[in-house]
Amino acid sequence: MNKKIFKPSSELPAGFIDRQEEELLARDLLISNIKKVMAKYGFQYLETPSFEFTDSIGKFLPDKDRPSEGVFSFEDDKKWLSLRYDLTAPLARYAAKNFNNLPRPFKRYQLGTVWRNEKPGPGRFREFLQFDADYIGTSNLFADAELCCLISEILSSCGLTKKEFIIKISNRKLTKGLLEKLKIKDEDKQSIVLRAIDKLDRVGLEGVQYLLGKGRKDKSGDFTKGAELDETQIKEIINFLSIKDLSDNNFERIEKIAEDNQTILDGVNELISIKKYFSLLKFDNFIFDPTVVRGLEYYTGPIFEANLTFSVKNNKGEEIEFGSIGGGGRYDDLVKRFNNQDCPSTGISVGLDRLIYAIIQKNKIKVEKKTPILICVFDEKYMDYYVKILNLLRTKNISAEIYSGSANIKSQLKYADKRGCNYVILCGDDEVSKNSVAIKNLEIGKQMSDSLKDRNDWKDSSGSQKTVTLDKLLDEII
RNA sequence: GCAGCUGUAGCUCAGUUGGUUAGAGCGCUGGUUUGUGGAACCAGAUGUCGGUGGUUCAAAUCCACCCAGCUGUACCA
């Protein structure tokens with residue numbers, strides 16, 4: 001019998017990743033910018049727990065037969081709990097629970113991890129950080145307009161210029177009215193149509209046309225069943241989609257399509273109000289785009305989406321479909337489902353990890369990575385001397401460390417190289433006896449290595465190294 | 001979920017029509033240098049060839065099933 005030794009895998013479950021310092025520091029900076037913007041706009045900071053009762057968040061799932069689809073859940077004491085999949089559903093729950101005590105409108109912002117039990121894609125994970133800002137309890141469209149300004153200000157605070165992103169605005173009532181007009185009443189059909197419209201950017205006008213009709217074949221040859229509409233219906237929808245750009249002041253083309261459909265006309269009027277508020281707020285980095293749909297379940301009115309206008313590459317250098325980095329809209333019925341009280345609301349959310357990924361790639365965020373000065377250990381017997389140097393540096397707030405492993409000097413320098421240290425301090429018999437320190441500048445040494453000719457050059461470290469008495473150490477390093 | 005592709009050392013990959021002890025580069029460890037990273041040279045370690053079963057004298061290679069990853073698609077509240 002040969003025993004198999006159990007070897008645990010060092011791999012992570014699909015869709016989960018380790019995040020490293022560069023990304024974390026960029027994230028910290030971004031978060032501190034966000035907090036400043038939020039304070040300026042008068043939002044309150046809130047945190048809700050990671051878990052909710054599955055029922056509390058499950059009610060708004062599109063597929064009501066399988067309420068835990070897409071969510072990580074477990075049964076606790078006979079009640080099902082789920083990790084939150086967004087911050088909006090927990091907010092609605094919070095608002096309903098504290099309905100009488102909260103000022104209304106209630107303006108809150110929140111940063112938090114959310115989890116989705118779905119197939120991960122490029123740049124999409126099953127655990128990610130979201131930022132949300134919401135107005136609870138107001139039907140005033142100024143709130144919606146302000147949210148767009150706010151998201152724009154946050155993106156600007158990351159160093160993105162106006163040309164690098166745009167806020168797309170639409171209204172759920174436009175597509176809702178269109179479906180009414182075309183007499184598409186079957187709910188399944190409605191959602192297929194809306195999803196098809198949503199895919200315009202990805203599959204093109206032709207792809208949408210197939211999805212509205214019999215169906216579409218993808219790149220791998222797989223077939224997606226379509227909505228099977230008749231030709232006039234398809235024609236009307238395609239005609240609607242051709243109005244991609246409404247930035248030029250007039251909504252006449254949509255009104256023309258609407259004819260006497262009141263839902264579409266209401267939607268248009270709301271957009272006109274928002275546009276008016278935008279001009280008061282001097283906000284112009286937006287475009288009205290009736291093809292924006294955003295999800296399916298709870299949006300009831302104006303919807304927005306923040307898109308980057310530059311391309312993003314994956315770690316293999318291939319361009320990837322990045323999609324929107326944030327969005328939101330009006331959800332007038334969400335709180336009502338908890339407490340049966342009218343509570344019109346609107347909000348936005350931003351996927352911070354994706355945003356950070358994009359701005360790091362664009363070199364938009366400059367994070368100073370502080371590396372310590374390494375004090376090498378020649379001999380344990382000199383530890384008191386090394387600690388003296390360490391304290392000298394640290395009391396001046398200079399990042400420093402004594403080598404904490406047990407390797408020889410060569411390896412200690414390799415360690416310093418890997419860490420990206422700028423300086424290394426070397427003290428052996430010679431230095432300690434003269435009460436001095438040798439300071440090696442690794443950057444200069446690196447430059448010198450380009451002009452190495454033979455082994456004697458290589459051995460000679462004098463160019464990058466300087467020996468001074470202990471009291472002059474700080475002068476050399478600052 | 002569906003479809004296509006891929007799976008060989010820590011990483012990136014080669015491995016012919018099945019054939020002896022499965023390779024390379026990078027990285028790692030040691031040495032040339034008992035106190036010096038980054039250059040150069042020398043030496044060395046490291047593999048359930050994704051898993052299981054089958055065909056065969058013989059399987060990394062062929063077959064079946066399973067698993068994992070990637071890409072597209074579906075879903076994404």
Quiz item: To the nearest angstrom, how far is A:K414 atom NZ from B:C28 atom P?
Solution: 6 Å
Self-check item: Between B:A60 and B:G51 - P atom distance, rounded Å
Solution: 11 Å
Practice problem: Could you tell me the separation between the CG atom of A:N408 and the P atom of B:C28, rounded to a whole number of Å? | Solution: 14 Å
Exercise. Please determine, for the side chain of A:L211, which listed nucleotide (B:C76, B:A74, B:G35) has the closest atom?
Key: B:A74
Exercise. Check the distance between B:G35's P and A:Y403's OH and give it to me in whole angstrom.
Key: 15 Å
Quiz item: Is B:G44 paired to anything, Watson-Crick or G-U wobble with both distances less than 3.5 Å, and if yes, which nucleotide?
Solution: B:C28
Quiz item: If the P atom of B:G15 is compared with that of B:A3, how far apart are they to the nearest Å?
Solution: 29 Å
Quiz prompt | For A:R27, the option from A:L129, A:L111, A:L352 that meets side-chain contact (heavy atoms from CB on, under 4.5 Å) | solution = A:L129
Exercise. Could you work out the separation of B:G44 and B:C49 based on their P atoms and round it to a whole Å?
Key: 24 Å
Exercise. Provide, to the nearest angstrom, the distance between the NZ atom belonging to A:K219 and the P atom belonging to B:C5.
Key: 14 Å
Exercise. Could you tell me whether A:R19 and A:D353 have a side-chain N and a carboxylate O separated by less than 4.0 Å?
Key: yes
Quiz item: Rounded to the nearest Å, what distance is computed from the CD1 atom of residue A:I409 to the P atom of nucleotide B:U36?
Solution: 8 Å
Self-check item: B:U16 and B:C11, which share atom name C1', separated by this distance in whole Å
Solution: 26 Å
Quiz prompt | Of A:P13 and A:D86, the one whose closest RNA chain B nucleotide lies more 5' | solution = A:P13
Quiz item: Taking atom types as they are modelled, is there a donor-acceptor pair under 3.5 Å from the base of B:G1 to the side chain of A:E118?
Solution: no
Quiz item: Rounded to whole angstrom units, what separation is found between the CG atom of A:D222 and the P atom of B:G72?
Solution: 14 Å
Exercise. Determine which nucleotide pairs with B:U56, using a 3.5 Å limit on both distances of a Watson-Crick or G-U wobble pair.
Key: none
Quiz item: Just to confirm, is there a sub-4.0 Å distance from OP1 or OP2 of B:C2 to any side-chain nitrogen or oxygen of A:R216?
Solution: no
Quiz prompt | Electrostatic pair A:E305:A:R294 at N-O distance under 4.0 angstrom | solution = yes
Quiz item: What nucleotide among B:G35, B:G69, B:U73 has an atom nearest to a side-chain atom of A:A14?
Solution: B:G69
Quiz prompt | Rounded C1' spacing from B:A9 to B:C5 in Å | solution = 24 Å
Quiz item: Between atom CZ in A:R195 and atom C1' in B:U73, what is the gap in whole Å?
Solution: 13 Å
Quiz prompt | Residue A:K440, side-chain heavy atoms: nucleotide from B:A74, B:C28, B:U36 that is nearest | solution = B:U36
Practice problem: Output yes when at least one side-chain N/O atom of A:R124 is less than 4.0 Å from OP1 or OP2 of B:C76, else no. | Solution: no
Self-check item: Short side-chain N/O contact to B:G37 OP1/OP2 from A:K410, under 4.0 Å
Solution: yes
Practice problem: Give A:E431 one of three labels, base, sugar-phosphate or nothing, depending on what nucleic acid heavy atoms sit under 4.0 Å from its own. | Solution: base
Quiz item: Is any side-chain nitrogen or oxygen of A:R126 closer than 4.0 Å to OP1 or OP2 of B:C76?
Solution: no
Quiz prompt | side-chain contact (heavy atoms from CB on, under 4.5 Å) partner of A:I425, chosen from A:I389, A:L374, A:I402 | solution = A:I389
Quiz item: Taking the inter-plane angle between the rings of A:F51 and A:F74 on a 0 to 90° scale, is it parallel (under 30°), tilted (30 to 60°) or perpendicular (over 60°)?
Solution: perpendicular
Quiz item: 5'-most contact on RNA chain B: A:I444 or A:G428, nearest heavy atom basis?
Solution: A:G428
Quiz item: Taking the same atom, P, in B:U61 and in B:A22, what whole-Å distance lies between them?
Solution: 15 Å
Exercise. Find out whether the Lys NZ or Arg CZ of A:R116 is both under 6.0 angstrom from the six-membered ring centre of A:F128 and within 45° of the ring's axis.
Key: no
Quiz item: Between the side-chain atoms of A:Q465 and the base atoms of B:U36, is any donor-acceptor pair under 3.5 Å?
Solution: yes
Exercise. Would you kindly check whether a donor in the side chain of A:K119 faces an acceptor in the base of B:U73, or vice versa, at under 3.5 angstrom?
Key: yes
Exercise. Could you please name the option among B:U73, B:G30, B:U36 that lies closest to any side-chain atom of A:S411?
Key: B:G30
Exercise. Tell me the partner of B:A3, counting only Watson-Crick (N1-N3 plus N6-O4 or O6-N4) or G-U wobble (N1-O2 and O6-N3) with both under 3.5 Å; none if nothing fits.
Key: B:U71
Quiz item: Which whole number of Å gives the distance between the C1' atom of B:C62 and that of B:G19?
Solution: 14 Å
Practice problem: Look at A:E21 together with A:K370 and state whether they make a salt bridge at an N to O cut-off of under 4.0 Å. | Solution: no
Quiz item: Out of B:U73, B:C28, B:U36, which nucleotide sits closest to the side chain of A:D218?
Solution: B:U73
Exercise. Rounded off to whole Å, could you give me the CZ-to-C1' distance for the A:F223 and B:G4 pair?
Key: 17 Å
Self-check item: Ion pair check, A:D134 and A:K107, cut-off under 4.0 Å
Solution: no
Quiz item: When you compare B:G27 with B:U12, how far apart are their P atoms, in angstrom units rounded to a whole number?
Solution: 15 Å
Practice problem: Check whether any side-chain N or O of A:K199 sits under 4.0 Å from OP1 or OP2 of B:A74, and answer yes or no. | Solution: yes
